[in-house]
Novice: 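Sending over a structure as structure tokens; questions will come in a sec.
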Protein chains: 2
Amino acid sequence: MPPSTVDTRTRIMDEAQALILDRGYSATSVGAIVEQADLTKGAFFHHFDAKADLARALVERWAEHDLAHLDAALARSDRLARDPVQRLLVFVGLLEEAWEGLTEPYAGCLFVSYVAEAGLFDEGTHAVIRDTLLRWRTEVHGLLQAAADAGPPSVEVDLEATADLLVVAFEGSFVVSRALGEADLVARQIRQYRTYLEGLFGG
Amino acid sequence: MPPSTVDTRTRIMDEAQALILDRGYSATSVGAIVEQADLTKGAFFHHFDAKADLARALVERWAEHDLAHLDAALARSDRLARDPVQRLLVFVGLLEEAWEGLTEPYAGCLFVSYVAEAGLFDEGTHAVIRDTLLRWRTEVHGLLQAAADAGPPSVEVDLEATADLLVVAFEGSFVVSRALGEADLVARQIRQYRTYLEGLFGG
DNA sequence: CGCTACATACCGACCGGTTGGTATGTCCTC
DNA sequence: GAGGACATACCAACCGGTCGGTATGTAGCG
């Protein structure tokens, strides 16, 4: 296998992502990216047609990992619990677990970076983000509906909004966690969400 | 009142804020700002020492309005309800009310914009955001504590994290609302938060 | 094997345009 | 006529992107 191609492209993407998470897309020049990756502009534009091409590749990779994470938690909670309510709570518990023990670098989210500079990206790039968030809505809503079918929640509640609250709690946590410099904030907020669900469906 | 000075400065800030909310701080050039405000660079640098000076002024104004909003809701809920639990629920209800009926432009938050490009701003600017969020934490935690003292919540819960969840729900809603193009998402999420509190303290 | 033909990976100089910022000038008001 | 409120003109640095070139394959063929 040629040691170069894939490696270099990935390295560019990794360095670019780190820079974008820190200072945003627009402030991340391709000059800075290639310097960080110890390359030249020639190398960059060999692998990407334009800077926007990189942006698209990055968000697609991020969405892919994100959905893989979702599917994994879905599958595991499916295996670990039979009861719909338990399945729901285990699912959220697994997510919480994944964000525990986070200390040093406060979480960043590429979606937040892109949304904050939304005016710079084309429809296709936005669609990647939208589709990913909608997958979360659909899947979580499915879990909630199954739990509600097994036994109605303690109070009447908008199940779609409840599903969205998980994603909202994640994205909001990323923002607030960085703003306050508190790494454990994400996991604590997901735990809050779980407490909410326990109250609704009876833990 | 002199019609010029304050007006021009405010106009610069307004246009700059609108642009930053749309495409971020870095991608908002002072050239674009003065063009939007129908001015020239001379005018801009007459009112601001540097672009960073504008950034600071904007976040300070935003924080001021944000805290005024908080204080108003705090004062009104104080007047409208005597019981600590009712006071808490009315407080959140007022916030929800303020975000209802929002249709056209999906909400943006300057804090989100700044956090997404955190690496570009100095400590002082970050401190403004941090202090503002901490005020929310303190005040909401106070309301929660008072409610808990009047009658313990239905389940044991981390009251500080519960306080943070309100801010997290706001910031997260701003992000997701823009990403999905759903203007009513903010109010629906704040309503979810209220439902959570009702479950904890008994509406 | 040796030769040709072509592809991939990367370099570094360079281009036009834009950036934040400055220096100077002009007009209006007190 | 002094000072504030702008406009005009300009600069050096940097921006995304192009281009000619090179080094290293790699596949086909005799």
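Convention: sequence-line order gives letters A, B, ...; per-chain numbering from 1.
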Novice: Counting the benzene-type ring for Trp, do A/W99 and A/F174 have ring centres under 6.0 Å apart?
Specialist: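 When the ring centroids of A/W99 and A/F174 are compared, they turn out to be within the sub-6.0 Å range.
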Novice: Please determine, by modelled atom types, if B/T10 and B/D7 share a side-chain donor-acceptor pair under 3.5 angstrom.
Specialist: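 Per modelled atom types, B/T10 and B/D7 side chains form no pair under 3.5 Å.
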Novice: Nearest to the side chain of B/A43, heavy atoms from C-beta on, is which of D/dA7, D/dC15, C/dC10?
Specialist: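 The closest nucleotide is D/dA7.
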Novice: Among the nucleotides D/dC6, C/dG21, D/dT18, which one has an atom lying closest to any side-chain atom of B/T8?
Specialist: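 Output: D/dC6.
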Novice: Between C/dT22, D/dG4, D/dT18, which nucleotide gets closest to the side-chain atoms of B/K41?
Specialist: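 Nearest to the side-chain atoms of B/K41, counting from C-beta on, is C/dT22.
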Novice: Take atom NE2 of B/H46 and atom P of D/dA9, then tell me their distance rounded to the nearest Å.
Specialist: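 One finds 20 Å between P of D/dA9 and NE2 of B/H46, rounded.
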Novice: Is the shortest side-chain N to carboxylate O distance from A/R135 to A/E139 below 4.0 Å?
Specialist: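 Judged by the 4.0 Å cut-off on N to carboxylate O distance, A/R135 and A/E139 do form a salt bridge.
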Novice: Classify A/T28 by what it touches in the nucleic acid, base, sugar-phosphate, or nothing, heavy-atom distance under 4.0 Å.
Specialist: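 Sugar-phosphate, no base atom in range.
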Novice: Which whole-number value in Å describes the distance from B/H47 NE2 to C/dG21 P?
Specialist: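 So the two atoms are 16 Å apart, to the nearest Å.
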Novice: Identify whether NZ of Lys or CZ of Arg in A/K51 sits under 6.0 Å from the centre of the six-membered ring of A/Y25 and within 45° of that ring's axis.
Specialist: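 Judged by the rule (NZ or CZ under 6.0 Å from the ring centre, within 45° of its axis), A/K51 counts as positioned above A/Y25.
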Novice: Take the protein atom CZ of B/R9 and the nucleotide atom P of D/dC6, then report the distance between them rounded to whole Å.
Specialist: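 Between P of D/dC6 and CZ of B/R9: 12 Å.
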Novice: Nearest to the side chain of A/K51 - D/dC6, C/dG21, D/dG17?
Specialist: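 So the nucleotide nearest the side chain must be D/dG17.
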Novice: In whole angstroms, how far is the P atom of C/dG12 from the CZ atom of A/F44?
Specialist: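 Atom CZ in A/F44 sits about 18 Å away from atom P in C/dG12.
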Novice: A/T40 has a side chain; which of C/dG12, C/dG21, D/dG17 sits nearest to it?
Specialist: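 In terms of side-chain proximity for A/T40, the closest of C/dG12, C/dG21, D/dG17 is C/dG12.
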Novice: Can you tell me how far C1' of C/dG20 sits from CG of B/D53, to the nearest Å?
Specialist: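 Interatomic distance, CG of B/D53 to C1' of C/dG20: 13 Å.
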Novice: Over how many whole Å does the gap from B/D7 atom CG to D/dC6 atom C1' extend?
Specialist: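 Checked: the CG to C1' distance equals 14 Å.
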Novice: Calculate the interatomic distance between A/E35 atom CD and D/dC15 atom C1'; express it in whole Å.
Specialist: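 Rounding to the nearest Å, CD of A/E35 and C1' of D/dC15 are 14 Å apart.
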Novice: Considering only side-chain heavy atoms of A/F45, which listed nucleotide, C/dG20, D/dC6, D/dG17, is closest?
Specialist: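 Between C/dG20, D/dC6, D/dG17, the one nearest the side chain of A/F45 would be D/dG17.
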Novice: Do NZ/NE/NH1/NH2 and the carboxylate oxygens of B/D14 and B/R61 come within less than 4.0 Å?
Specialist: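 Yes, this pair counts.
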Novice: Among the nucleotides D/dC6, D/dG17, C/dC10, which one has an atom lying closest to any side-chain atom of B/L39?
Specialist: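 Taking heavy atoms from C-beta onward, the closest nucleotide is D/dC6.
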Novice: Starting at the 5' end of DNA chain D, which residue's closest nucleotide do you reach first, A/D49 or A/A27?
Specialist: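 Mapping each residue to its closest nucleotide by heavy atoms, the 5'-most match is A/A27.
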